[in-house]
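Read the structure below first, then the notes.
Throughout, protein chains are lettered first and strands after them, A, B, ... in sequence-line order, and every chain is numbered starting at 1. Given the structure is predicted, the values throughout are model-derived calculations rather than measurements.
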Number of protein chains: 2
Amino acid sequence: MRSKSNPQHTGGGKNVTIKEVAQRAGVSISTVSRVLNRSKPVSDGLKKRILQAVEETGYMPNAVARSMIQKKTGVIGVIIPEIFNPYFSGLVQGIEHVAKEHQSYIMLAVSEKKPRRESELLRIFQARQMDGVILAAARVERSLKEALDRLSVPYVVIGQRLAEKAAPCVYLNNRRAAFEVTSHLLDCGYQNLGIISGPLWDLASGRERLEGFQEALKKRGQPLRAEWVVERQGFHLQDGYEGMKSILQAPQRPDAVFCACDRMAAGALQYLKESGIPVPKGMALAGFDDEELASIVNPRLTTIRHSPFEMGFKAATLLVNQLEDPSIAGGDITIPHQLVVRESTSLDS
Amino acid sequence: MRSKSNPQHTGGGKNVTIKEVAQRAGVSISTVSRVLNRSKPVSDGLKKRILQAVEETGYMPNAVARSMIQKKTGVIGVIIPEIFNPYFSGLVQGIEHVAKEHQSYIMLAVSEKKPRRESELLRIFQARQMDGVILAAARVERSLKEALDRLSVPYVVIGQRLAEKAAPCVYLNNRRAAFEVTSHLLDCGYQNLGIISGPLWDLASGRERLEGFQEALKKRGQPLRAEWVVERQGFHLQDGYEGMKSILQAPQRPDAVFCACDRMAAGALQYLKESGIPVPKGMALAGFDDEELASIVNPRLTTIRHSPFEMGFKAATLLVNQLEDPSIAGGDITIPHQLVVRESTSLDS
DNA sequence: CTGTTAGCGCATTCAG
DNA sequence: CTGAATGCGCTAACAG
């Protein structure tokens, strides 16, 4: 119940402090602090008066002042390369879920894949006294690793395995998954495989997926034909479209193409449709990520399913555990993935 | 250049404070503060020594302590109903863009569309001394409005027009847009229209879009047939699918259906395909939002294009301006939208 | 130009 | 059980 006669309650007034509450209740500020934090027993009489004063003034403890004393802010810093991408949205969702359970909040920053900005953000988050930091980067190289070493705040890296350091990280075995999807294509009887790769600068979704593809071919003794390998500078629909166009310009045509992500596969599919090449009869297609889009296109895409949400969730859990018990600096976690076979590679559809 | 002999530089050490820097440089802490903030001139000699001490210790000012004094945190609180949805990702992207220009950061919280949680978050963000708050809510009713009134922090609301209060808000004219897309269907010669609506509890994407649809019919003197109006409890693919199934169970079939969003339209399209009903010849379909998906499905969807990024951008700009000059408490901004006609409604495709 | 002083708002000793 | 005093790390007057 709010008292109508109280001006503080109308928004915009200057913030009321613990001091005013104390005065109004006729007690000292420490007593107010004690009832609010339940840190020490306080007599019922005072407690009641204080609670009422709090109610009347609409007092809320200043979280900044509190953070300063307790040396923790209850905030987790999150750095992602971009937000407009279901993969990263999923990560954030997973992190947010854990943060909420932990009564923490997240500070979100976008790096635009710029290593410099990532290092800078790491520093800024440290200066801002984040309790922990989660970094999702497309590529973690030398200078970024150094920046991580310099960090005096617990952190977890997503999407990359940091070999040398036993840094806690959560990642997906992209190489293995690409290997599996490629093997599947070979198992289906497709002999001549092409790939539309993402930028190799991106270690996880670019380079590793290409390598997995190459390894599968090598293991089966299939040749790798350079004109069927195209590296695009992005992971967008358009990249898939252009990539397929480029592949079709080769003198011969592969009978199956692995695309580094579903979005690219969808673009490739569009080009194939326009070219009158049926999928999978004329050419099979496989993607990666199992985005919603993968089951919307026609034919639906064979792809690799994995859970960005789970990655975010696991990463945040790792971090939170570390916060509660710094001794368990936690190790790597590999998120499972799964081959999902759909019509884009099944010859009998 | 970093000195190798300096232990502080290896991560994990306790944070160095301004005091240590001052001692090391043989000056007072205020002088250190002055060079770091360029707030007052300092002689070159001291400046150099201080900068060196900073370098050697790896000192970074504690942003929390600074916030406490300056009474601003450089953080904008952002509340969205969900993150895994391109619309909200776009918003966040736009906000992040402005925040970055403004050297600010964003604290992101997900409300799961729960008004109670939204009010709570508003309070928490105030307690955390956010410089401003941006609220994107599916529905802003009474109690939420009150919570906003009580807020002593500048805020901007996205997606809703707050009639009574002249609260700053950025929104899309959903009713008008739905009116236009419906009119387009009528213009194409479709006479019997149905709609798959989202939850009406959601004012912007649910109720307003339905109302726009109804108004268009009314204006043209077309009857509204109850069995062709289905309200779903979500905006997902599956809702579109089920919605279309439900519509097709009516004794007669509409010849065009407007779906509250592209995703639902895609679901409806799937059901139509399975039922062997060609689009648009057997039935026309229109969506809303112009998501990427709208131009991936076959046939591509006629829809309403608008820019979530712009909404976020404008909202954040409104807020930032307000922060810099509190007198301009800013008014409403309506984001433009545009009808995009594609094959799903064009009879001659 | 520079050092000393006084808080910001609060949790936490330390004495009653 | 309660109040007075201390200080978190830093900036902003205030004096030199």
>> Do the side chains of A/R123 and A/E120 get close enough for a salt bridge, i.e. N-O under 4.0 angstrom?
In response: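 Looking at A/E120 together with A/R123, the answer is no, because their closest N to O distance does not fall below 4.0 Å.
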
> Can B/E96 and B/K100 be counted as an ion pair, charged N to O under 4.0 angstrom?
Replying inline: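 Not counted as a salt bridge, because no side-chain N and carboxylate O are separated by less than 4.0 Å.
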
>> Strictly under 4.0 angstrom, non-hydrogen atoms only: write out the protein contact profile of nucleotides 6-16 of chain D, one letter per nucleotide from the 5' end, B, S or -.
In response: -BBBBBBB---

>> On a heavy-atom basis, which atom in A/E141 and which in A/P115 lie closest, and how many Å separate them?
In response: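 What the structure gives for the nearest pair is OE2-CB, 3.9 Å.
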
> Choosing from C/dG3, D/dC1, D/dT2, which nucleotide comes nearest the side chain of A/L46?
Replying inline: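 So the side chain of A/L46 is nearest to D/dT2.
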
> More than 12 foreign heavy atoms under 6.0 Å from CD of A/E324: is that the case here?
Replying inline: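 Correct, the count exceeds 12.
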
> How would you label the contact of A/V27 with the nucleic acid (heavy atoms, under 4.0 Å): base, sugar-phosphate, or nothing?
Replying inline: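 The answer is sugar-phosphate, as A/V27 gets under 4.0 Å only of primed atoms, P, OP1 or OP2.
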
> For A/T31 and D/dT2, is the shortest distance between a side-chain N/O and OP1 or OP2 below 4.0 Å?
Replying inline: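 Negative; the distance criterion is not met.
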
> Does some side-chain heavy atom of B/F84 sit less than 4.5 Å from a side-chain heavy atom of B/V110?
Replying inline: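 Of all side-chain heavy-atom pairs linking B/F84 with B/V110, none is under 4.5 Å.
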
